[in-house]
Amino acid sequence: MSFLNKSISGLIWNHFSKVADFGLAYLLSIIVARMMGIHEYSVYVATMSIASFMLLIVSGGFDEVLTKYVPYYTGLNKEGYIIYLVKVIFCLRLSILGIVSIVVYFTRIKISIFFNNSNIVEYIFLILLYIIIQSLVNFFTNLLIAQYKTKKVFIINTISRLLNIAFAIILLNKGYGLQEVLVQFIIVSFTTLLIYFLLSPRFISGKNEKFKLSHIFNFSYAMIINSILGIVLGKYTSILLLNHHLGSSVEIAYFEIAYSLEVIIEYIFALGFYGIGLSITSELATHGVSKLKSARTLVIQYYQLFVFPLSIFCIVFAEEIITLLYSSQYKSVTSVFRTFLSINFLAVTLFARDFNATILFSIGKERKVLLLRFLLGLLTVVTNYLFIPTYGAIGAIGILGLSFLIITIFEYFMVSHHIGFGYDFLFAAKVIFVSIFSILVVYIFSSFIHSVLIDSLLYLILIIVGYFLLKIHKSEIINIFLRKFNISNVN
């Protein structure tokens, strides 16, 4: 299989896997939010955020090592190197999990007091067990992704998410709460871990070939720092600061819903690049910067083609969408959601956000990314700490969005310095024109028929017609995917 076909196939199945995984996780959060109510849901979010926060810490930057170096050594036919690398990283992962679990357990009371969350002490064993099992699941997931076996990941993760949803509905309907939901998360994750373990026999029993790992550990150290900075610049730090200042208040629920809804709008089209993106750009980098330049241009066009019009619609009809998904008790989330989406969709559609960092990592410019994110991360935490007591969720999410946008702009120009600029302004102008014209028509129409579903259908039709009239459907990014599915473009 050629590199292009392998990459596109990997991207497509990785995209389906990530969308299904994230989409079903989001569906689970909607179900839990509606069935628990806003106050109990706030407690659930705060507790799960602490678990997710710790999961990011124990990842140790090793997930990125797998997705970068397994394809690299596969291309060199170094099977023994790959087996040795996987075994070393797996042992390090277990060691980190053990150390972090011991530290968290013996400092659980202090952590509980700092984050103003008594659930940490009450559910400490369940939280730690969930972290250990899910961390190992993440390890094997990335191992399969690094081998472009994204179809298997899609099937396994989709089934596990569906089981989580089914069991959560049953438990909550019977009147059970957070503890029982955590237990069923652990059971499903453990089952998933066993399946992944059985799918990796050659890494368990295969013969390894030792080699020097110094260059890999240098990359890993950079990824560890990047993971820490990702925590600082991610939603979990903001939620934990909200928890610290305000306790398990409804502001946490507002932030979580607004953040998750914006992310699913972005990720529904962008998730295919996560995990496998570093594998592809690392291999492309060996063929020269022109390949990376072309790849980034196509990624930006892809985001503009889909994410821009969807974001515009969601900004205008935010209240109707939130009410439809979560019920009217969450209507106050509207302003928080609009704030974050209005800032963040610019970073995604105009500058391809995280894809720039992926390119910089693939060409060995990790330090520049880390320095930039360290400075912005520090500023974000300090500003959030000062603003949250006064402005609550809207202040936290506004600061987070601005940080993402500033980082993206800097990283875009850093990449341009190394691979060249190359921006298709005409393509972007056409997409923006079609999107704005369509939303104006739909907004006027909505004053006569009050149905967000009908509005969305009309908007979709107008976007498709506009793309054909302005010949956007003939763009290279669409042709690539049509060729993959053996479909001819319409002249």
Side-chain angles (χ1 to χ4, degrees), residues 19 22-23 26 29-30 235 238 253-271 300-328 330-354 391-406 408-409 428-467 472:
V19 168
F22 191 84
Y26 184 66
S29 71
I30 293 174
K235 75 170 183 176
S238 298
Y254 293 165
F255 182 96
E256 166 65 21
I257 291 171
Y259 185 96
S260 297
L261 185 53
E262 189 283 331
V263 168
I264 200 148
I265 291 168
E266 172 190 343
Y267 279 16
I268 196 171
F269 297 109
L271 272 172
I300 291 175
Q301 289 182 349
Y302 173 75
Y303 286 154
Q304 290 170 349
L305 194 67
F306 296 107
V307 179
F308 192 92
L310 179 60
S311 299
I312 293 294
F313 181 84
C314 291
I315 290 170
V316 174
F317 293 98
E319 184 174 325
E320 292 83 353
I321 293 170
I322 289 168
T323 302
L324 177 67
L325 292 174
Y326 289 95
S327 78
S328 58
Y330 292 97
K331 192 177 291 186
S332 299
V333 177
T334 302
S335 58
V336 184
F337 169 63
R338 275 188 177 140
T339 299
F340 192 46
L341 180 56
S342 298
I343 299 170
N344 210 34
F345 94 102
L346 296 175
V348 175
T349 60
L350 297 184
F351 303 104
R353 213 178 87 174
D354 293 333
Y391 298 101
I394 198 166
I397 212 160
I399 292 166
L400 193 61
L402 286 172
S403 297
F404 286 158
L405 181 58
I406 293 169
T408 299
I409 292 172
K430 287 180 178 180
V431 171
I432 293 170
F433 174 78
V434 171
S435 301
I436 292 176
F437 176 80
S438 300
I439 200 65
L440 288 174
V441 173
V442 172
Y443 184 75
I444 295 170
F445 176 81
S446 67
S447 61
F448 300 101
I449 298 180
H450 305 287
S451 171
V452 69
L453 295 177
I454 294 176
D455 292 337
S456 62
L457 180 60
L458 175 60
Y459 184 69
L460 178 61
I461 293 170
L462 289 172
I463 290 292
I464 293 173
V465 171
Y467 282 0
I472 297 173

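Nothing here was measured: the structure is a model prediction, and the numbers come from that model.
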Between Leu341 and the options Ile315, Leu310, Leu261, the side-chain contact (heavy atoms from CB on, under 4.5 Å) test singles out Ile315
Leu453 vs Leu324, test: side chain to side chain contact (heavy atoms under 4.5 Å, CB included). Steps then yes/no. CA-CA 10 Å; Leu453 295 177; Leu324 177 67; 4.2 Å; yes
Are Phe345 and Phe308 close enough, and set up right, to give a ring-ring contact (aromatic ring centres under 6.0 Å, His included), and what steps lead you there? CA-CA 7 Å; Phe345 94 102; Phe308 192 92; 5.4 Å; yes
Using 0.5 Å steps for rounding, measure from the OG1 atom of Thr408 to the CD1 atom of Ile343. 12.0 Å
Which pair of heavy atoms, one from Pro309 and one from Gln304, lies closest together, and at what distance? CD-O, 3.4 Å
Side chain to side chain, Tyr467 and Leu305, heavy atoms closer than 4.5 Å: yes
Just say parallel, tilted or perpendicular for the rings of Phe340 and Phe404, cut-offs at 30° and 60°. tilted
Here the gap from Ser342 atom OG to Leu405 atom CG, rounded to the nearest 0.5 Å, amounts to 11.5 Å
Let me confirm one number: the OG-CG distance from Ser451 to Leu457, rounded to the nearest 0.5 Å. 9.5 Å
With the side chain counted from C-beta on, respond yes when Phe351 and Ile300 share a heavy-atom pair under 4.5 Å apart, and no when they do not. no
Working for side chain to side chain contact (heavy atoms under 4.5 Å, CB included), residues Val316 and Tyr443: CA-CA 8 Å; Val316 174; Tyr443 184 75; 3.7 Å; yes
Any chance you could measure Ile394, atom CD1, to Ile399, atom CD1, to the nearest 0.5 Å? 11.0 Å
Walk me through whether Leu462 and Phe445 qualify under side chain to side chain contact (heavy atoms under 4.5 Å, CB included). CA-CA 12 Å; Leu462 289 172; Phe445 176 81; over 6 Å; no
Are Phe337 and Ser260 side-chain neighbours, meaning at least one heavy-atom pair lies under 4.5 Å? no
Keeping Ser438 on the side-chain end and Ser435 on the backbone end, is there a donor-acceptor pair under 3.5 Å? no
Plane angle bin for Phe433 and Phe437 - parallel if under 30°, tilted between 30 and 60°, otherwise perpendicular: parallel
With a 3.5 Å distance limit and no angle check, can you tell me whether Thr334 reaches the backbone of Lys331 through a side-chain donor-acceptor pair? yes
Begin with the C-alpha distance, continue with both residues' side-chain angles, and end with the deciding distance and a verdict on side chain to side chain contact (heavy atoms under 4.5 Å, CB included) for Tyr459 and Ile463. CA-CA 6 Å; Tyr459 184 69; Ile463 290 292; 3.9 Å; yes
